[in-house]
Amino acid sequence: MTETDTSTATTTDGETADVLVVGSGIAGCAAALAAARDGADVLLLTKATKPDDASTDWAQGGISTTRGNPESLKEDIIDASDGTADPDAVDTLVAEADDAVEDVLVDTLEVGFDEADDGAFDYTREAAHSEYRILHVDAATGTHILRPFLNYVDDHERIEVRQDTAALELITAEGRVHGVVSDEESDGHPIYAGATVLATGGVGALYGRSTNPDDATGDGIAMAALAGADVADMEYVQFHPTAYAGDDPFLLSEALRGEGAVLRNGDGEQFMADYHPQGDLAPRDVVARAVETEREETGEVVLDVSPLEFAAEYPAIAEKCRDRGFEGDEIPVAPCEHFLCGGIDVDDRGRTSLDRLYAVGECARTGVHGANRLASTSLLEGLVWGLRAGEDATGFEAEAVEAPELSNRDPTLPERFAAEKFTRLTQTTDEYLGLERDPEEIARASSVLRRLKGEVDAYIRTRTARDLYELRNASVVALLIARAASENTESVGCHYVATDADESVPESPADD
Ligand code: SIN
């Protein structure tokens, strides 16, 4: 990826922080906490204006622990990934999982995880887990973790949280990252840092239907890639098998199936046993493709929650159903973009290929998830890598090098420009970079996306609007997904390459 020509001048005016964290989900909060505990002054920048602007707040099922059996969790992670997860990265995760959960979530934040009648934690199970080992707060776990975490970091004397602020570009010099240019001034505001930690989350906004908040435009991945950082595994976009099939989709947690809910096709039949020996609890990629196939063949797929005390045990999900006017035990479901398993390539401390740039959480590729992530390991990975990276990022001094000064020569942005381009982008990803891919369609996606990025770059040369940068970021990341998908001809995990490719790829509105 070549660097975008956005800088018309440079400046060294700006402010400094020891550690700059970009993003306010569990990974960003953990990095900020660890750096502050280590004595660093931390600035946490976030586009968010409220907790549910971060994907963490949307996480339902829970956070996995090992319950004292790291080998068993490791085995499940590697099996779910189709054998592609990096065993060393998984070792790091499982070795630190229980201590990190206990230290930060239980002792520091006092998260009220659900308990059984005897007062012990009530562990639940999700697909492809061989044991009950997931801590949860009904099925709204992310909210119950993130809100106290945000309050805690906000109250911390060494951490400043700055909301409604976007990082637009990284400041780089000779292979080292020195901070970011934020959108606090119309021509960009430089913030210099000893180390910069990207924790900007996923890419849900690149797809028409996603379980992520709208803000998930892949900002950190795009900024890092444009600055020359390595990215990896970008083709592994995970689709959750059970999102609400109607308008305004939302997640129906795998914990529902873990506790007894079953999938049925349009003929009322349970079908998952025909696709995988683990049936309804098969790995997520397998279930997502099976649900799509059954929807095509029988008209619909429903999640039958009648074996559960659904409304009583899962009030937050039941409320979402009611909000959309749905009452009943057979909830229509369809796959929906959920999580990017790849991202900015990092090591076991969250270090990227660029000096003093770290990445944690969904924007990072640690190797833990390989080609398909096991349920309830994303909060855990964000927590463990956030802590490791935050600690490693301390001890460097901020240096005010020349920063790109962004151009705001033309303050007008045609009102519908970003919305129209986003529509073209999501049509392209939905159609060509979804659950099932075909080499010709991937090539078509690349050409549509290249044109789109060119149009956006032309605007960015004279304007600094945040939504323009989000669109630039989304188009960069979509191109990275297309490129990775085209380079990987093997079907594995979330990346499924159709073998019976139709010779003539139909024209689509995305080409207009
Ligand atoms: C779910 O609750 O099904 C999602 C959990 C996850 O993505 O890890």
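When reading the values below, keep in mind they use all heavy atoms of this one structure, side chains included, and skip hydrogens, waters and symmetry mates. Whatever order the structure lists them in is the order used to number ligands and atoms, beginning at 1.
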Undergrad: Please check whether Thr377 reaches ligand 1 - meaning an N/O of the residue sits under 3.5 Å from an N/O of the ligand, judged on distance alone.
TA: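 No; every N/O pair is 3.5 Å or more apart.
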Undergrad: Given Ile145, which of Val137, Leu379, Leu383 fulfils the side chain to side chain contact (heavy atoms under 4.5 Å, CB included) condition?
TA: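 When side chain to side chain contact (heavy atoms under 4.5 Å, CB included) is applied between Ile145 and each of Val137, Leu379, Leu383, only Leu379 qualifies.
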Undergrad: Do you know which two heavy atoms are closest between Pro335 and Phe239, and how far apart they sit?
TA: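 Taking Pro335 first and Phe239 second, the nearest heavy atoms are CB-CB, 4.4 Å.
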Undergrad: Sort out for me which residue in Glu126, Glu131, Arg125, Arg133 forms a side-chain hydrogen bond (donor to acceptor under 3.5 Å, both in side chains) with His129.
TA: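 So, applying the side-chain hydrogen bond (donor to acceptor under 3.5 Å, both in side chains) to His129 and each of Glu126, Glu131, Arg125, Arg133, only Arg133 qualifies.
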Undergrad: Is a donor from one side chain sitting under 3.5 angstrom from an acceptor on the other, for Thr92 and Asp88?
TA: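 Short answer, no.
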Undergrad: Tell me: protein heavy atom nearest atom 8 (O) of ligand 1, and distance?
TA: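 Ranked first by proximity to atom 8 (O) of ligand 1 is Ser376 N, 2.5 Å.
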Undergrad: Under the 6.0 Å and 45° cation-pi test, does Arg373 pair with Phe339?
TA: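 Yes, a cation-pi geometry.
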Undergrad: Ligand 1 versus Thr242, non-hydrogen atoms closer than 4.0 Å: side chain, backbone, both, neither?
TA: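 Near ligand 1, Thr242 shows nothing, with every heavy atom at 4.0 Å or more.
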Undergrad: Judged by non-hydrogen atoms, does Ala255 sit under 4.0 Å from ligand 1?
TA: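 For ligand 1, residue contact (heavy atoms, under 4.0 Å) with Ala255 is absent.
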Undergrad: Show the atoms of ligand 1 that are less than 4.0 angstrom away from any heavy atom in His338.
TA: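 Numbered from 1, ligand 1 contributes 4 (C), 6 (C), 7 (O).
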Undergrad: Evaluate side-chain hydrogen bond (donor to acceptor under 3.5 Å, both in side chains) for Glu259 paired with Tyr132, printing each intermediate quantity in order.
TA: CA-CA 10 Å; Glu259 297 290 341; Tyr132 285 78; 4.7 Å; no
Undergrad: Can you list the ligand 1 atoms lying under 4.0 Å from a non-hydrogen atom of Ala375?
TA: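 Going through ligand 1 atom by atom, the ones under 4.0 Å from Ala375 are 8 (O).
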Undergrad: For Gly61, take its heavy atoms, then give the atoms of ligand 1 lying under 4.0 Å from any of them.
TA: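 Near Gly61, the atoms of ligand 1 are 2 (O).
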Undergrad: Determine, stepwise, if the pair Leu471 / Phe422 fulfils side chain to side chain contact (heavy atoms under 4.5 Å, CB included).
TA: CA-CA 7 Å; Leu471 182 59; Phe422 250 112; 3.7 Å; yes
Undergrad: Output the list of atoms in ligand 1 that are nearer than 4.0 Å to some heavy atom of His240, sorted by atom number.
TA: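 The atoms of ligand 1 under 4.0 Å from a heavy atom of His240 are 1 (C), 3 (O), 4 (C).
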Undergrad: To check your reading of the model: name the closest protein heavy atom to atom 2 (O) of ligand 1, its residue, and the distance in Å.
TA: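 The answer is Ser253 OG, 2.7 Å.
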Undergrad: N/O to N/O below 3.5 Å, does that happen between Leu252 and ligand 1?
TA: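 Such a contact does not occur with ligand 1.
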Undergrad: Which of the numbered atoms in ligand 1 are below 4.0 angstrom from a heavy atom of Glu126?
TA: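 Listed by number with element, the hits are 1 (C), 2 (O), 3 (O), 5 (C).
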Undergrad: Distance only, no hydrogens: is a donor on one side chain within 3.5 Å (strictly under) of an acceptor on the other, for Lys421 and Thr426?
TA: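 Their side chains do not contain a donor-acceptor pair, so the 3.5 Å distance test is not met.
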Undergrad: Nearest non-hydrogen contact with atom 4 (C) of ligand 1 belongs to which option: Gln60, Arg284, Glu254?
TA: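 Shortest heavy-atom distance from atom 4 (C) of ligand 1: Arg284.
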